[in-house]
Protein chains: 2
Amino acid sequence: MAGSRHDTAAPRPTSRDVARAAGVSQATVSLVLGGKWQGRVAEPTAERVRAAARDLGYRPNLAARNLRLGRTRTALLVVPALTNEFFARVHTGAARVAARHGFGVVLYPAPDVTAPARDPFDSARASLDGVLASSMASEALAAIRGDELPLVMLDSDPAHSLGAATVNLDIAQGMRLAAEHLLALGHRDVLHLAADISSWTFDVRRDALRSALHGTGARLTTARAALAVDAARTAAEAALTASGARPTAVICDDDVLAAGACKAARRLGLHVPDDLSVTGFDDLTLATAVEPELTTVALPAERFGEQGMDTLIAVLDGRTPEPRPLPVRLVVRGSTAQGPGPRR
Amino acid sequence: MAGSRHDTAAPRPTSRDVARAAGVSQATVSLVLGGKWQGRVAEPTAERVRAAARDLGYRPNLAARNLRLGRTRTALLVVPALTNEFFARVHTGAARVAARHGFGVVLYPAPDVTAPARDPFDSARASLDGVLASSMASEALAAIRGDELPLVMLDSDPAHSLGAATVNLDIAQGMRLAAEHLLALGHRDVLHLAADISSWTFDVRRDALRSALHGTGARLTTARAALAVDAARTAAEAALTASGARPTAVICDDDVLAAGACKAARRLGLHVPDDLSVTGFDDLTLATAVEPELTTVALPAERFGEQGMDTLIAVLDGRTPEPRPLPVRLVVRGSTAQGPGPRR
DNA sequence: CCCGCGAAGTTATACGTACAACGTGAGGCG
DNA sequence: CGCCTCACGTTGTACGTATAACTTCGCGGG
């Protein structure tokens with residue numbers, strides 16, 4: 001009557017159905033399809049089982065398998081926001097490695113993690129084998145259930161990841177590269193436009209900048225903004241019109257912020273890069289979409305996700321891989337140019 | 001020796017442990033915690049059970065529950081690429097609704113869906129209750145396992161979604177709005193820069209443009225490009241320098257393409273919007289990051305995801321909600337301006 | 001006075017799988 | 001010739017949960 005194609009509701013065949021069709025016991029089916037039949041089942045029998053499984057369109061019931069094995073081959077990936085292209089790329093890498101090992105990935109966008117005081121793992125309907133937690137929400141996460149599941153932290157504060165394996169991008173090196181690039185161009189008054197996120201991330205970046213500029217006579221000022229174009233434009237506009245010498249270069253924590261800085265410059269009648277150099281971070285699609293194209297620090301986001309998942313799987317296997325920060329590189333494009341230089 | 005905090009390997013408490021602690025049977029625990037204890041269990045007993053569960057930190061084993069109930073409260077979301085901000089937003093909406101109904105969402109990025117001839121569902125380690133498939137890869141997906149799971153199609157070709165419920169954005173209306181906007185500005189020679197994706201999507205958009213321009217004396221040409229800034233720039237540059245009258249406006253299938261078109265204009269010495277009007281689609285972060293800000297068609301991406309998941313859940317409940325296309329709206333910004341007009 | 005009935009639990013079972021432990025012939029060897 | 005071994009399976013059980021079917025007991029009505 002309903003006319004749907006789900007009328008028949010043909011129940012999915014089980015391993016027992018396959019066994020019946022192949023004329024063997026259910027255990028034999030499990031052995032053959034589980035790949036552990038070496039020397040336990042004769043080849044002709046094994047082939048008969050495989051054929052029966054194929055004919056019936058048999059697919060093992062994951063819930064039953066998970067229950068039996070006590071693990072799910074599923075990992076949770078916690079990110080601040082998937083709409084941030086960087087994290088989408090991290091997910092891509094993590095999911096690729098996971099698939100290679102027969103693992104699935106469930107996503108948890110962190111913003112809600114702390115707010116509703118709900119258990120973050122409730123939303124992950126699958127039971128989980130482990131957690132891959134990206135920095136920004138990891139403090140909250142670690143506090144909530146840090147030691148209940150194997151955990152790998154992505155780029156997080158060592159102070160908050162006690163005992164958990166960590167995978168890092170060399171963020172500090174990225175900031176240094178940007179700073180040195182601007183120094184080489186003759187800039188001596190630099191604004192750091194920072195993303196308004198976790199304090200640890202902020203500290204790492206600012207400290208790296210400070211040490212890079214130390215002893216060069218360059219001046220460093222700081223402004224913070226939420227991770228959005230408008231917020232960045234507003235903050236940059238304020239910082240660039242503040243009393244005192246106007247910075248000739250802006251180092252941004254993110255390409256999105258850099259885009260905002262460029263808009264601020266335009267509003268103030270400054271030309272990028274001639275009047276103001278701007279550097280971004282992440283090398284998102286955005287970086288080459290704007291005019292001029294952004295000089296930015298390219299992060300191996302997918303490799304980051306891959307290595308994170310590799311590490312998690314290693315931890316699950318009882319191994320402990322040595323943490324080695326992933327290298328970053330500076331991509332020089334059109335948003336940076338010669339500054340006032342040392343001629344002053 | 002290993003020194004890890006997983007040494008003790010304390011096995012998670014089961015409902016039986018809770019039962020023992022509360023001095024009741026396992027069945028009673030299940031009744032109380034399952035919420036079906038009305039009139040079956042006295043309040044003091046129920047409270048004792050809840051207290052015991054809390055003390056032990058009991059969490060039900062999802063694998064066992066899934067096995068018992070035969071459903072998983074997990075849906076698969078198939079998207080072409082998560083790095084596309086639009087789909088990240090769709091996911092956000094879908095996940096929100098899913099969470100509200102106690103559902104989880106597993107993601108499947110489609111690109112690989114057809115290539116390796118692997119079963120796409122293998123990568124979803126959880127068993128699934130249903131599938132939410134976004135347009136672009138849905139043909140392949142539907143072909144592979146269309147009728148094995150309840151399916152809801154997002155913005156897909158009706159011809160390929162036989163029997164499956166569908167949720168649509170009013171893409172055609174979006175194209176009409178853009179076309180009418182340009183017509184009103186006096187443009188009579190329009191280039192359609194199309195995304196090189198599914199042919200159905202392309203047809204819908206082109207047909208909408210054609211009908212909107214029909215009878216206005218306006219000329220429509222078409223170029224296609226992969227969904228990337230560089231590809232779009234190249235294609236636009238070629239189309240704008242082709243023989244014949246140069247278009248005075250470009251309607252793009254996506255903001256990313258629009259950014260590429262703007263870059264092409266700049267290379268050709270054309271000013272946007274004075275010499276060339278450009279419209280985008282989707283209203284991504286990108287749209288306000290570039291200069292000038294893009295006039296674009298804003299899509300309710302999150303609502304789209306929400307409605308998709310709502311529909312899937314309705315289908316799982318045996319209901320059949322009427323499909324109603326989600327409205328889109330034109331956001332006029334700085335990338336469009338008066339064209340040559342009817343003065344000619 | 002006894003029967004029935006509702007309240008408050010309990011016992012038993014099934015979901016589908018993986019694997020430990022147990023047959024069971026046939027052939028080799030002392 | 002009897003026993004051991006090996007190749008090839010099979011039988012049985014447990015994973016943790018939800019729920020149908022059953023028990024037990026107190027109490028009110030006929």
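Throughout, a chain's letter reflects where its sequence line sits, starting with A, and its residues are numbered from 1. Just so you know, these numbers use all the heavy atoms, side chains as well, and skip hydrogens, waters and symmetry mates.
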## Note on the structure
Result for 5'-nearest mapping on DNA chain D, choosing between A/R40 and A/Q26, is A/R40
## Note on the structure
Ranking D/dT19, D/dT11, C/dA21 by distance to the side chain of B/K36, first place goes to D/dT19
### Query
Is the closest side-chain donor-acceptor distance between B/T72 and B/N66 under 3.5 Å?
no
### Query
Between D/dT11, D/dG9, C/dC15, which one does the side chain of B/L67 approach most closely?
C/dC15
### Query
What is the distance from atom CZ of A/R12 to atom CG of A/L56, rounded to the nearest 0.5 Å?
12.5 Å
### Query
Which residue, B/L69 or B/T45, contacts DNA chain C at a nucleotide closer to its 5' end, judged by nearest heavy atom?
B/T45
### Upstream residue (5' side of DNA chain D) when A/V24 and B/V29 are each assigned their closest nucleotide
A/V24
### Query
Which of the following nucleotides, D/dG9, C/dG9, C/dT17, is nearest to the side chain of B/A42?
C/dG9
#### Entry: Distance test, side-chain N/O of A/S15 to OP1/OP2 of C/dG16, below 4.0 Å
no
### Message
If you only use heavy atoms from C-beta on, which nucleotide in D/dT17, C/dG16, D/dT11 is closest to the side chain of A/T14?
### Response
C/dG16
### Query
Atom CZ of B/R65 to atom C1' of D/dC15: distance rounded to whole Å?
16 Å
### Message
I want to check a possible cation-pi pair here: A/R48 against A/W37, using under 6.0 Å from ring centre and within 45° of the ring axis as the test.
### Response
no
### Message
Without decimals, in angstroms, what is the distance between A/Q38 CD and D/dC6 P?
### Response
18 Å
### Message
Check this for me: does any side-chain nitrogen of one of A/E306 and A/R89 sit under 4.0 Å from a carboxylate oxygen of the other?
### Response
no
### Task
Take B/V97 and B/H101 through the test side-chain contact (heavy atoms from CB on, under 4.5 Å) and record every step on the way to the result.
CA-CA 7 Å; B/V97 168; B/H101 289 264; 3.8 Å; yes
### Query
Of the nucleotides C/dT10, C/dT17, D/dT11, which has the atom closest to the B/T28 side chain?
C/dT10
### Task
May I ask you to evaluate whether B/S25 reaches the phosphate of C/dG9, defined as a side-chain N or O under 4.0 Å from OP1 or OP2?
no
### Task
Take B/V41 and B/A64, find for each the nucleotide of DNA chain C with the closest heavy atom, and name the residue whose nucleotide sits nearer the 5' end.
B/V41
### Task
Select one nucleotide: of C/dT10, C/dT17, D/dT10, the one nearest the side-chain heavy atoms of A/R16.
C/dT17
